[in-house]
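The basis for the numbers below is simple: all heavy atoms, side chains too, and nothing from hydrogens, waters or symmetry mates. Below, chain A is the first sequence line, B the second, and so on; all start at residue 1.
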Amino acid sequence: MREYQPAEIEPKWRQQWEKQKLYRAAEGGSRPKYYCLEMFPYPSGRLHMGHVRNYSLGDVVARFHRMRGYSVLHPIGWDAFGLPAENAALKRGIHPADWTWQNIGYMREQMKKLGLSYDWDRELATCDPEYYRWTQAIFLLFYERGLVYKAASRVNWCPGCHTVLANEQVEDGTCWRCHSPVEQRYLKQWFLKITEYAEPLLKDLERLQRWPERVRTMQANWIGRSEGAEIVFPIQGRSETLTVFTTRPDTLFGVTYMVVAPEHPLVDSLVKGPEAAAAVAALRQAQVPVTERERELAEKIGTPTGSYAINPANGRPIPIWVGNYVLMEYGTGAVMGVPAHDQRDFEFARKYHLPVEVVISPDGRPRDGEALSEAYVEAGQLVNSGPFDGLDNEEAKQKIVSWLEERGQGKARVQYRLRDWLISRQRYWGVPIPLVYCDRCGTIPVPREQLPVLLPREVDLQPGERSPLARVESFVHTTCPRCGGPASRETDTMDTFVDSSWYYLRYACSHDDRQALDPQRVNYWLPVDQYIGGVEHAILHLLYSRFFTKVLRDAGWLQFDEPFQSLFTQGMVTLGGSAMSKSKGNIVDPEDIIARYGADTARTFVLFAAPPDRDLEWSEAGVEGIYRFLQRVWRLVGEWTEADHSAAGAPSDRQLRRLLHRTIQRVTTDISERFNMNTAIAAIMELVNGLYAYRARPLVEQSASQIDESLRTLTVLLAPFAPFMAEELWQMLGGQGSVHEQSWPLVDPEALQEDQVTVVIQINGKVRDRIQVAAGLSREELQQTALASPKVQGVLDGRSPRQVVVVPNKIVNLVI
RNA sequence: GCCGAAGUGGCGGAAUUGGCAGACGCGGCGCACUCAAAAUGCGUUGGGGUAGCCCCCCAUGAGGGUUCGAGUCCCUCCUUCGGCACCA
């Protein structure tokens with residue numbers, strides 16, 4: 001018999017499938033569509049085990065659905081812009097474009113080796129002008145719809161990457177990519193108004209029932225909706241007012257001071273006298289922290305401005321302070337201080353000897369604020385609150401807000417934690433922002449017919465004061481699209497998360513050169529039925545993509561507003577307990593595994609070793625185990641097809657048939673309902689074990705036709721996991737066409753029927769006996785049989801049970 | 001601190017609706033094949049008692065509860081991981 005030689009059969013079938021375009025996705029036809037997508041990779045150089053796991057999972061889903069009769073779209077592409085290309089350029093003197101395209105070439109080859117069933121005709125790369133041209137067009141659409149603006153604000157600056165970062169890209173005060181401590185700078189940058197979609201982005205999470213709870217919670221936390229009120233405080237002796245946002249309007253009568261952020265525009269005019277001015281200057285100097293992390297750890301300090309505001313509720317003057325803990329970016333940059341009912345305010349008040357006034361009490365009786373040891377933040381009744389005394393505090397929130405509204409001193413407001421998305425990057429290898437600055441006409445968008453604004457190839461990538469593109473004269477100098485006069489281009493490029501916010505749409509029409517999206521094809525394939533990727537994108541990519549989809553829907557480009565129906569987040573691949581990484585030196589290269597065991601083993605192992613949502617610890621012994629299993633399948637089929645089995649004329653065996661159909665059932669539900677590829681493979685292993693046991697019988701007791709049928713079904717079940725071997729075995733078994741074009745086997749319910757069942761007999765919940773009985777015995781019959789058991793008789797010792805619980809076909813529990 | 005997930009043999013993990021805990025694989029042990037080994041096939045493998053194939057006890061992070069019956073449901077606690085964390 002031929003040996004199992006993956007190195008021979010894998011390249012052979014790969015070529016065959018490519019030639020036949022076996023995995024091309026076709027629109028129309030009678031088959032229902034199914035869009036299976038894995039997050040596209042950054043072309044870093046080579047695939048790592050995380051990729052292998054992600055793409056093997058997706059490939060099983062795609063192949064399974066094809067066999068179940070769906071027309072499947074399963075595309076791949078490259079998230080090809082980004083900083084590593086520039087770093088490689090600096091380090092090795094290779095152009096970012098060349099480096100990127102070389103990597104793509106290598107990784108594409110690796111994917112093909114893995115036997116991933118992509119429709120390669122739809123491949124795309126975000127750094128391709130044919131792609132980013134449309135990224136620019138979508139940017140212009142956002143611009144026209146008023147969703148793009150430039151603003152000066154305090155931004156996150158990564159000194160390692162020499163660029164600004166979006167809020168979402170700061171992790172624990174460090175850069176998400178290089179983990180340098182993020183600094184705060186004050187710069188003018190381009191933003192996308194994602195906050196305008198905060199409400200639908202939050203609300204529609206409810207509809208994403210097939211997303212992991214965890215991811216929905218993370219997004220909801222990130223958006224951070226809070227209901228409250230804006231309250232206007234007059235400033236004593238001046239015409240300006242100070243507006244605060246609060247979630248506790250019910251505590252308005254307990255406000256004893258105000259605090260504004262150090263950067264608040266009114267601070268300078270509020271400061272009274274040289275002493276206060278010096279104190280405020282000192283506070284700003286000492287306490288505007290450089291990094292985000294320092295800012296979080298900083299002690300709460302403040303200093304009075306010398307000015308007073310008027311509490312609109314009771315007309316009392318209250319001091320206005322400047323405090324380092326008030327954020328200019330959230331709410332209005334000013335807060336009201338209610339020390340009796342907010343722990344932070346309480347600590348601040350105690351530190352600076354500010355009065356504490358109780359306005360909410362659990363029993364409705366007034367208390368002495370000075371006697372409190374901590375803030376009272378629970379519910380209660382209002383006290384010392386004029387006309388609102390005695391009200392329940394939740395009710396008082398509404399009443400006080402309406403009261404303020406009537407008097408023009410405030411209004412109800414919803415505040416979000418979510419900030420607008422900063423998309424400017426001071427880097428070269430990204431999509432140029434298609435805007436020009438004209439002295440006469442101002443900021444002008446590049447007309448669509450002039451797109452793409454191409455990245456110049458010749459560029460100096462050395463980090464410097466100005467970004468690389470700003471130093472390319474021929475790029476910067478241009479003419480104004482409106483007046484034709486001299487103008488200069490925007491030299492920032494876009495955050496690469498912009499590129500990846502719409503790529504899943506483009507797959508529907510990857511090479512359409514007339515439009516970004518062909519409405520007919522996009523609305524046919526989308527939304528994505530199953531999206532698979534790492535949980536590290538729970539906020540960033542998935543939130544941005546949802547935002548883009550909603551905007552494009554509002555613009556009439558799409559007929560749906562959520563891009564991903566079902567999301568699956570896979571676990572990490574670890575070695576020695578931690579994620580594989582170059583810096584830790586704990587890498588297993590998929591290339592080595594394929595070379596040694598073949599792609600089928602690599603795929604099947606990563607799917608078998610752990611449930612897909614959990615972390616997977618790499619195990620060389622486990623890989624060997626899978627390799628042995630595949631060889632075991634190979635021998636089973638090989639020995640059968642080569643042996644003379646004309647004597648195997650026994651009738652079909654009911655037990656083997658039941659095993660076969662139970663396996664079909666388990667594999668089917670494990671893939672489609674539970675996503676548990678590990679148990680699907682375990683079920684196939686059990687079938688193989690059963691077939692070996694059957695084959696150990698004398699030949700005359702075997703049924704040739706049943707073995708033949710079983711082996712064919714086994715091969716089909718194995719096809720999504722080990723596509724190369726399955727194809728080879730299918731051919732050995734004399735199957736017609738490709739195994740990957742076969743229909744998924746159906747379960748015969750009749751075959752599943754058991755005629756004998758094991759019923760467990762328990763006494764007081766402990767197993768005392770097991771009996772074999774005919775399936776479907778009635779409760780009474782079961783009870784009689786159980787009582788007749790000699791072991792039961794022994795334990796009962798003449799007593800009769802107080803109670804008998806019977807679950808037909810399963811259990812009899814006697815209670816004594 | 002707040003929110004969420006997880007904790008099962010020597011190891012990775014099964015147990016789908018509350019009904020035989022440990023499927024499947026790894027590792028270990030044994031047998032067959034072999035001159036021998038490897039490979040392969042078959043058997044065995046939670047702990048303890050007793051002793052060798054029959055029986056008993058214990059066992060799903062800890063403790064309590066609900067139930068005829070709990071890995072699964074409820075409460076308290078411990079540990080690990082993830083998210084959020086001056087958000088007014």
Looking only at side-chain N and O atoms, does A:N678 come under 4.0 Å of OP1 or OP2 in B:C24?
no
Scanning both residues in full, the closest heavy-atom pair of A:V260 with A:A334 reads CG1-CB, 3.8 Å
Do A:R225 and A:Q415 pass the side-chain hydrogen bond (donor to acceptor under 3.5 Å, both in side chains) test, and can you show the C-alpha distance, the side-chain angles, and the key distance before you say yes or no?
CA-CA 6 Å; A:R225 183 183 201 269; A:Q415 176 70 38; over 6 Å; no
Go ahead and name the base partner of B:C73; Watson-Crick or wobble counts if both distances stay under 3.5 Å, otherwise write none.
B:G65
Can A:E639 and A:R695 be counted as an ion pair, charged N to O under 4.0 angstrom?
no
Just checking A:G331: base, sugar-phosphate only, or nothing, at a heavy-atom cut-off of under 4.0 Å?
nothing
When you match A:D342 and A:D670 each to their closest nucleotide on RNA chain B, which lands nearer the 5' end?
A:D670
Scan for salt bridge (charged side-chain N to carboxylate O under 4.0 Å, His left out) pairs involving residues 682-693 of chain A, sequence neighbours excluded, and state none if there are none.
A:R666-A:E686
Under 4.0 Å, counting only non-hydrogen atoms across every strand here, what does A:T669 touch: a base, just sugar-phosphate, or nothing?
nothing
What is the separation between atom CZ on A:F721 and atom P on B:C24, rounded to the nearest whole Å?
17 Å
Nearest nucleotide by nearest heavy atom, which residue falls closer to the 5' end of RNA chain B, A:R248 or A:T758?
A:T758
Could you give all pairs that pass the salt bridge (charged side-chain N to carboxylate O under 4.0 Å, His left out) test and reach residues 767-781 of chain A, with sequence neighbours left out?
A:D769-A:K791
If you take all heavy atoms of A:A722 and A:L630, which pair is closest and at what distance?
CB-CD2, 4.2 Å
Is the backbone of A:Y376 close enough, under 3.5 Å, to the side chain of A:H341 for a donor and an acceptor to pair up by distance?
yes
What residues, two or more places apart in sequence or in another chain, satisfy salt bridge (charged side-chain N to carboxylate O under 4.0 Å, His left out) together with A:E617?
none
Looking only at non-hydrogen atoms, find the nearest pair between A:R417 and A:Y330 and report the distance.
CA-CE1, 3.9 Å
Is the centre of the A:F348 ring less than 6.0 Å from the centre of the A:Y325 ring?
yes
What is the distance, to the nearest angstrom, from the OH atom on A:Y627 to the C1' atom on B:C26?
18 Å
Quick one: closest heavy-atom pair of A:A261 and A:L327, and the distance?
CB-C, 4.2 Å
Pull out every protein N or O sitting under 3.5 Å from an N or O of nucleotides 79-84 of chain B, one pair per line with the distance.
from, atom 1, to, atom 2, distance (Å)
B:C84, O3', A:R417, NH1, 3.1

Using the P atoms only, state how far B:G25 lies from B:U45, rounded to an integer number of Å.
14 Å
Taking only the C1' atom of each, what is the distance from B:G71 to B:G22 in whole angstrom?
11 Å
Chi-based syn or anti call at B:G83, which uses purine or pyrimidine torsion atoms and a 90° bound:
anti
Mate of B:G1 across any strand shown (Watson-Crick or G-U wobble, both atom pairs under 3.5 Å) is B:C84
Tell me which nucleotide, if any, is Watson-Crick or G-U wobble paired with B:A51 when both distances must be under 3.5 Å.
none
Name all pairs fulfilling the salt bridge (charged side-chain N to carboxylate O under 4.0 Å, His left out) condition that reach into residues 618-636 of chain A, sequence neighbours left out, sorted by first residue then second.
A:R596-A:E620
N/O contacts under 3.5 Å, protein versus nucleotides 46-48 of chain B?
none

So what does A:S619 touch, heavy atoms closer than 4.0 Å: a base, only the sugar-phosphate, or nothing?
nothing
On the 0 to 90° scale, with breaks at 30° and 60°, tag the A:Y4-A:Y627 ring pair as parallel, tilted or perpendicular.
tilted
Can you give one letter per nucleotide of nucleotides 63-72 of chain B, going 5' to 3': B for a protein heavy atom under 4.0 Å from the base, S for sugar-phosphate only, - for none?
-----BS---
So A:R635, base contact, sugar-phosphate only, or nothing? Heavy-atom distance under 4.0 Å.
sugar-phosphate
I'd like a table of atom pairs between the protein and nucleotides 55-57 of chain B - only N or O on both sides, under 3.5 Å - with the distance next to each one.
from, atom 1, to, atom 2, distance (Å)
B:C55, OP1, A:K791, NZ, 3.2
B:C56, OP1, A:R768, NH1, 3.4

Using the P atoms only, state how far B:G41 lies from B:G48, rounded to an integer number of Å.
31 Å
Salt bridge (charged side-chain N to carboxylate O under 4.0 Å, His left out) involving A:R413 - partner list, sequence neighbours excluded:
A:E230
Taking atom C1' in both B:U60 and B:C20, compute the distance separating them and give it to the nearest angstrom.
15 Å
For B:A21 versus B:A6, give the span between their P atoms, rounded off to a whole number of Å.
23 Å
In residues 686-699 of chain A, which residues come under 4.0 Å of RNA chain B by heavy atom?
A:E686, A:N689, A:Y692
Taken in chain and number order and not counting sequence neighbours, the residues that satisfy salt bridge (charged side-chain N to carboxylate O under 4.0 Å, His left out) with A:K810 are none
Proximity to the side chain of A:R628 - top-ranked nucleotide from B:A14, B:G27, B:A88
B:G27
B:G10 to B:U16 separation - P atoms, rounded to the nearest Å:
23 Å
Please list all pairs passing the salt bridge (charged side-chain N to carboxylate O under 4.0 Å, His left out) test where one or both residues lie in residues 210-223 of chain A, with sequence neighbours left out.
A:E213-A:R216
If you measure from CG on A:L607 to CG on A:L57, what distance do you get to the nearest 0.5 Å?
5.5 Å
Ignoring hydrogens and angles, state whether a donor on the side chain of A:R614 or A:Q570 is under 3.5 Å from an acceptor on the partner side chain.
no
